[in-house]
Novice: 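Quick one: the structure is below, and I'll ask about it shortly.
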Amino acid sequence: MSMSATEQASAVAGPPLSRAAGAVYTAFIVSGFAFASWASRIPQIRDSLAVSPAQLGFILLCVAAGSITSIPLAGTVVARFGEARTVAIMSMILACGVLLVGIGTTVGVPPVCVGLALVGFGNGAWDVAMNVQGAAVERGLARSIMSRFHAGFSVGTVAGAGIGAIMVALDVGVRPHLIVVAGLVVAIVPLAALRGFLPHVVVEHPVSSTRTALAAWREPRTLLIGLFVLCMAFTEGTGNDWLSLGVIDGYHESTTVGVVTLDLFLAAMTLGRWFGPGILDRHGRVLVLRVCAATALTGLLLVVFGHTYPLAVVGAVLWGLGASLGFPTGMSAAADDPKHAAARVSVAASIAYLAFLAGPPIIGFVGDHIGVLRGLTVAAALLAVAILVCGACAPLKTGEGDE
């Protein structure tokens, strides 16, 4: 059932808001868990498929290809079916993809590519829908909380990567590990979304046809937010996909040490997202985002040029802290006006996910020539861009939302 914006505003003041917040946390946590579970096994997937860094980059590209297909459609899908049903359906598609990756690892490259494409497709619309729902809860609370939802994602990634490290240490195969992960996604997410999310908002005074999803692509502020989030997503995605391999290949550490380093990066990102709301409310989006981008840049350079593993660990922590608030705060900025939230979040996310489309092959190609560790410096240039354009994330002034 749908409800108007006015009816929702009165409903969110009571228990439904806390229940919705719990459901949104669940969606974010399980999404992060599923992602990190398969990402933590990338070194084993690479070894099992016997591929080069460049080839691995193109295999990982399948995730982004699926997302890029899904995300531009997400605004329309969410507007028609609501956040709850979108998350429920897309989580099941993602689970099918994780299952196929697990099975395909011992079969060959094609099923792994198909599985990763399904993971990306399911994750794309799931991501937009849960961000739109999270923004609705944030507006109901009248305070910054979006980054804490993304902290939930990071908690999931820490758990997923941590369990992945244990699976590697215990020599558990990729297939049984990912089969269990797929089952958990199907068992938890659809039920949580359908029972817990706030009813989908139907705007009482629908905007004109010029305010369609296509119109959002012509809004300078939305496009700049998308560029900012792209830069931060590239930075975050580079750490997720390549940090463990960079440590393994560049510092000649074991696979377990590489995965543990990734877990430290993810743990730092979790802390940044959990404590970020208070800092954002106190100092404002733009200043905090500039400091975050500079911190991520410092950490990335330490990882690459630190020369010793302890300095690389410090760098990984700074990198994670600095990358923590970019994506969630950008999504909040895109959703400032509830009437256009779905379309604008879809646009910003579509641009951001270009990072996941371009990132794997770029880092893989560069890694083939100068090594994976040195290849991570590609993200440094984008962090400089993020520092320059983060002003677009400033909150909307009164009346700007209807421009």
Novice: Determine, step by step, whether H177 and V180 satisfy the side chain to side chain contact (heavy atoms under 4.5 Å, CB included) criterion, reporting the C-alpha distance in whole Å, the side-chain angles of both residues, the deciding distance to 0.1 Å, and the verdict.
Specialist: CA-CA 6 Å; H177 177 198; V180 172; 5.9 Å; no
Novice: Kindly write out the residues that satisfy side chain to side chain contact (heavy atoms under 4.5 Å, CB included) with V119, not counting sequence neighbours, or none if the list is empty.
Specialist: W38, L94, V98
Novice: Could you give me the CA-CA distance, side-chain angles and deciding distance for T26 and I188, then say whether side chain to side chain contact (heavy atoms under 4.5 Å, CB included) is met?
Specialist: CA-CA 8 Å; T26 299; I188 295 172; 3.7 Å; yes
Novice: Would you check if I351 and W217 make a side-chain contact, meaning some heavy-atom pair closer than 4.5 Å?
Specialist: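 SC-SC contact between I351 and W217 confirmed.
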Novice: Between Q133 (side chain only) and A84 (backbone N and O only), is there a donor and an acceptor less than 3.5 Å apart?
Specialist: no
Novice: Please round to the nearest 0.5 Å and tell me the distance separating atom CG of L99 and atom CG of L118.
Specialist: 10.5 Å
Novice: According to salt bridge (Lys or Arg N to Asp or Glu O under 4.0 Å), who are the partners of R46, at least two apart in sequence or on a separate chain?
Specialist: D249
Novice: Are the side chains of V30 and S91 in contact, using a 4.5 Å heavy-atom criterion?
Specialist: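 No, their side chains stay 4.5 Å or more apart.
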Novice: Please tell me if the side chains of L325 and H150 come closer than 4.5 Å, counting only heavy atoms from C-beta onward.
Specialist: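 SC-SC contact between L325 and H150 ruled out.
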Novice: State, yes or no, whether a side-chain contact exists between R41 and M167 at a heavy-atom distance under 4.5 Å.
Specialist: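 The answer is yes; the side chains approach within 4.5 Å.
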Novice: Checking the side chain of S244 only, and the main-chain atoms of V259 only, is there a donor and an acceptor separated by less than 3.5 Å?
Specialist: no
Novice: Can W242 and L60 be said to form a side chain to side chain contact (heavy atoms under 4.5 Å, CB included), step by step?
Specialist: CA-CA 11 Å; W242 297 100; L60 295 175; 4.2 Å; yes
Novice: Are the side chain of E138 and the backbone of I145 linked by a donor-acceptor contact shorter than 3.5 Å?
Specialist: yes
Novice: Output yes when a side-chain donor or acceptor of S70 lies under 3.5 Å from a complementary backbone atom of G66, and no otherwise.
Specialist: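 Not a single qualifying donor-acceptor pair exists.
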Novice: Answer yes or no: is there a donor N or O on one side and an acceptor on the other, between the side chain of R344 and the main chain of H340, under 3.5 Å?
Specialist: no
Novice: Using every non-hydrogen atom in the two residues, find where L300 and A380 come nearest and quote the distance to one decimal.
Specialist: CD1-N, 4.3 Å
Novice: Would you call S31 and N123 a side-chain contact if the rule is heavy atoms closer than 4.5 Å?
Specialist: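 Yes, their side chains come closer than 4.5 Å.
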Novice: Could you work out, with salt bridge (Lys or Arg N to Asp or Glu O under 4.0 Å) as the rule, every residue matching R285, not counting sequence neighbours?
Specialist: D336
Novice: Write down the atom of S350, the atom of I71, and the distance for their closest heavy-atom approach.
Specialist: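 S350 and I71 have their closest heavy atoms at OG-CG2, 3.0 Å.
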Novice: Can you tell which of I45, V51, I42 makes a side chain to side chain contact (heavy atoms under 4.5 Å, CB included) with I59?
Specialist: V51
Novice: Quick one: pull up CZ in F305 and CG in L373 and give me the separation to the nearest 0.5 Å.
Specialist: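 One finds 8.0 Å between CZ of F305 and CG of L373.
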Novice: For F265 and W319, take the angle between the two ring planes, folded into 0 to 90°, and tell me which bin it lands in: parallel under 30, tilted 30 to 60, perpendicular over 60.
Specialist: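 Correct class here is perpendicular.
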Novice: Can you name the salt bridge (Lys or Arg N to Asp or Glu O under 4.0 Å) partners of R273, sequence neighbours left out?
Specialist: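 Result, salt bridge (Lys or Arg N to Asp or Glu O under 4.0 Å) vs R273: E236.
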Novice: Of all residues at least two apart in sequence or in a different chain, which pass the side chain to side chain contact (heavy atoms under 4.5 Å, CB included) check with I89?
Specialist: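 Side chain to side chain contact (heavy atoms under 4.5 Å, CB included) list for I89, sorted by chain: I93.
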Novice: Given T329 and M146, is the side chain to side chain contact (heavy atoms under 4.5 Å, CB included) satisfied, shown in steps?
Specialist: CA-CA 7 Å; T329 308; M146 182 68 87; over 6 Å; no
Novice: Given side chains that start at C-beta, do those of V385 and F234 come closer than 4.5 Å, heavy atoms only?
Specialist: no
Novice: Holding to side chain to side chain contact (heavy atoms under 4.5 Å, CB included), I want the full list of residues that pass it with A267, two or more places apart in sequence or in another chain.
Specialist: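 Applying side chain to side chain contact (heavy atoms under 4.5 Å, CB included) to A267 gives V158.
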Novice: Aromatic rings Y251 and Y309: how do their planes relate, parallel, tilted or perpendicular, breaks at 30° and 60°?
Specialist: perpendicular
Novice: Please answer whether the main-chain N or O of A294 pairs with a side-chain N or O of T298 as donor and acceptor at a distance below 3.5 Å.
Specialist: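 Yes, T298 side chain to A294 backbone: donor-acceptor pair under 3.5 Å.
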Novice: Under a 4.5 Å cut-off applied to non-hydrogen side-chain atoms, are I248 and T261 in contact?
Specialist: no
Novice: Given 3.5 Å as the limit, does a donor-acceptor pair link the side chain of S48 with the main chain of Q44, or not?
Specialist: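 Side chain of S48 to backbone of Q44, a donor-acceptor pair under 3.5 Å: no, none is there.
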